[in-house]
Number of protein chains: 2
Amino acid sequence: MATSTRLRALLPHMKHPIVAAPMAFVSGADLAVAVSRAHGLGFIAGGYDLPKLDAELHRARSLLGAPEGQSLPIGVGLFAWTSAADPSQARQLLSTILTHRPCALWLFAPAVPGADGFRHWVDAIHQSSSASSSSSSLSPQRPVVFAQVASVREALDAAEAGVDVVVAQGADAGGHGSKAGAGLISLVPEVRDALPPALPLLAAGGVMDGRGLAAVLALGADGAALGTRFLASREAAVQPGLQRAIIEASDGGQSTVRTRLFDEMRGTTSWPPAYDGRALRNDTVADWERSDGSEAARDELRAAYRRAADAGDYRRLVVWAGTGVGLARKVQPAGEIVAELVRECDQVVGQLRERVVGM
Amino acid sequence: MATSTRLRALLPHMKHPIVAAPMAFVSGADLAVAVSRAHGLGFIAGGYDLPKLDAELHRARSLLGAPEGQSLPIGVGLFAWTSAADPSQARQLLSTILTHRPCALWLFAPAVPGADGFRHWVDAIHQSSSASSSSSSLSPQRPVVFAQVASVREALDAAEAGVDVVVAQGADAGGHGSKAGAGLISLVPEVRDALPPALPLLAAGGVMDGRGLAAVLALGADGAALGTRFLASREAAVQPGLQRAIIEASDGGQSTVRTRLFDEMRGTTSWPPAYDGRALRNDTVADWERSDGSEAARDELRAAYRRAADAGDYRRLVVWAGTGVGLARKVQPAGEIVAELVRECDQVVGQLRERVVGM
């Protein structure tokens with residue numbers, strides 16, 4: 001009980017400990033709102049495009065039927081490295097986002113390692129929040145700050161920087177994450193033991209169903225953040241070809257790979273060097289592995305990639321996916337996914353009790 | 001209940017679903033017997049040395065006070081690739097082992113991929129068992145055959161080959177394992193769904209305490225096999241320097257690395273190409289990463305490694321360890337580890353029930 005109380009003290013409308021992780025180009029207003037309506041917590045991905053984010057946040061308010069000025073029960077995800085070159089850019093980003101009053105911000109991949117990388121943002125969020133609070137008569141609107149980390153060290157840095165929720169991302173996660181890292185089975189307990197007891201901890205990376213949710217709760221997390229499972233939701237802003245690839249994939253440890261190849265293909269190469277991304281092994285990966293590794297081979301691959309992008313061909317385009325991809329078996333409404341996770345988790349925990357007592 | 005029944009039908013003396021995984025040069029009679037006495041299941045590692053294994057099995061019988069001919073409540077682990085070059089070597093190995101009547105054999109890393117790699121062994125075990133049964137008036141003594149796998153495909157191959165228990169090893173495991181693979185969080189549920197329901201499944205790789213045990217049970221496993229945690233047991237046949245390195249390590253996803261470098265240093269290079277091993281990042285790894293990668297650099301490193309071996313210097317010698325190494329905090333008797341795991345798991349499951357019901 002203590003655990004979920006800890007999280008709900010910050011986010012009272014989260015009835016279920018289930019978060020839809022922000023996924024760039026995937027997590028828009030539709031997905032975030034659907035998950036929050038099902039009493040989880042949905043995030044819109046800030047991604048690379050501020051005007052687009054602004055539009056999605058307007059759309060979220062409209063979908064939720066929330067009056068102007070009222071806090072929204074959804075969060076926004078930020079690539080913390082993107083504005084590193086220009087602090088005024090970070091301030092503009094925050095000021096745009098906070099106008100919409102999301103209940104949470106999710107920081108990922110600060111440009112500078114250590115507590116300073118997170119503190120820079122936490123301080124800016126606090127300042128921006130108090131500035132916008134003073135211009136309104138509403139209750140405090142500081143968003144809950146989530147920080148995504150991949151190690152014990154980073155978790156301690158995030159705590160020191162004053163974040164409100166730590167998200168431990170295991171090596172099984174799809175999309176961008178730390179090149180080096182542990183899976184949740186050992187990462188969550190070690191991070192939990194290292195963090196101050198009052199600080200909520202979520203687990204991300206490989207959780208796909210109620211079994212995974214029950215497992216991370218057993219490991220000591222307050223809840224789970226899921227990406228790949230929600231990629232196979234009706235509200236994900238993706239093309240059907242991408243979802244087909246997700247549904248058809250199996251044996252996720254073999255059919256996915258961690259690589260920076262797709263960043264090179266797409267030109268999203270500003271990620272700090274400690275990061276790569278997990279995606280489905282497809283023709284782009286196979287061609288690269290067969291190539292001589294030369295710059296010419298890379299250029300040829302890039303040209304093929306651009307043609308695939310024009311054609312929407314997901315045998316070649318990146319499909320970010322975690323090792324749990326084999327457990328994504330159909331496209332469902334996001335709200336149904338949340339309800340199913342809760343039902344399964346209840347069932348698993350009930351059975352576990354019988355099994356352990358019976359041992 | 002059904003799950004542990006499934007496992008206990010094969011191994012009636014296993015009261016707790018906890019296995020000490022066979023670790024070459026670590027798991028001798030002392031460790032295996034201590035774990036089995038605590039009502040888990042201990043394995044002696046077959047490793048590279050048949051006379052040594054023979055001696056350990058004699059010693060196990062003596063420690064257990066078991067009369068000649070009676071089946072031993074401990075298992076033996078085999079590198080399934082080692083005898084590939086010579087089938088008569090495999091028969092000799094089996095005939096020596098089965099004379100001692102261990103209750104289980106654990107197969108790992110067959111030389112040939114696919115079901116044939118396992119079937120070769122399963123058939124040989126069945127033949128050798130019936131041959132030795134006929135020379136004795138005792139009850140059937142065919143050992144329970146465990147197969148360690150790292151993917152859904154391999155699990156299905158093992159099932160097809162007729163093994164009795166599948167051990168899914170996640171990418172977090174210490175020591176040798178598949179280069180490519182998922183962590184237990186997604187591997188266990190996907191393998192469980194793919195296997196015939198009656199086939200018991202154990203999970204290995206990153207489980208360190210009762211939280212990890214409860215988690216793999218929630219994921220659908222019948223129990224857990226632990227290596228790194230038992231490396232920090234009093235009965236592990238290792239030098240104190242190695243155990244100090246284990247106890248002092250933290251942040252396992254960062255302080256361990258998957259590599260074939262230590263096989264090159266030690267000359268254990270016959271592993272099939274799909275395997276590498278997870279070990280602590282130490283001076284050998286750092287020196288190699290700093291080197292120019294040449295054959296000369298490798299030779300120099302090898303010479304330094306031999307000197308370290310003579311000196312018992314674990315800043316340079318391999319310390320196989322999983323990403324859970326940060327959770328190994330003291331050296332304990334192996335029986336105490338089993339009892340602690342059971343106690344913690346009970347507690348975690350009890351709390352989980354309250355937390356989920358409270359949600």
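These values consider heavy atoms only, across backbone and side chains, with no hydrogens, waters or symmetry-generated copies. The sequence lines fix the lettering, A, B, ..., with proteins before strands; numbering per chain opens at 1.
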Subject >> Atom of A:P189, atom of B:L327 and distance for their closest heavy-atom approach >> reply: CB-CD1, 3.8 Å
**OP:** Can you see which heavy atom on B:S186 is nearest to which on A:D172, and at what distance?
**Re:** OG-OD1, 4.3 Å
**OP:** Against chain B, work out which of A:A180, A:C345, A:A171, A:A214 has the most heavy-atom pairs shorter than 4.5 Å and name it.
**Re:** A:A180
Subject >> Heavy-atom pair count under 4.5 Å with chain B, highest-scoring of A:M208, A:R329, A:H39, A:R258 >> reply: A:R329
Could you tell me which of [options] has the largest number of non-hydrogen atom pairs under 4.5 Å with chain A?
{"options": "B:G181, B:A150, B:G252, B:G322", "answer": "B:G181"}
{"options": "B:T256, B:L187, B:D193, B:L213", "answer": "B:D193"}
{"options": "B:G183, B:A203, B:A218", "answer": "B:A218"}
{"options": "B:D251, B:I185, B:V191", "answer": "B:D251"}

Subject >> Nearest-0.5 Å distance, CZ of residue A:R355 to CG of residue B:D222 >> reply: 6.5 Å
Subject >> Interchain contact, A:V207 with chain B, by part (heavy-atom threshold 4.5 Å) >> reply: both
**OP:** Select one option (side chain, backbone, both, neither) describing which atoms of A:E190 are under 4.5 Å from chain B's heavy atoms.
**Re:** both
**OP:** Return yes if some donor-acceptor pair links the side-chain N/O of A:R211 with the main-chain N/O of B:G220 below 3.5 Å, else return no.
**Re:** no
**OP:** Using non-hydrogen atoms and a 4.5 Å limit, figure out which bit of B:S178 sits close to chain A: side chain, backbone, both or neither.
**Re:** neither
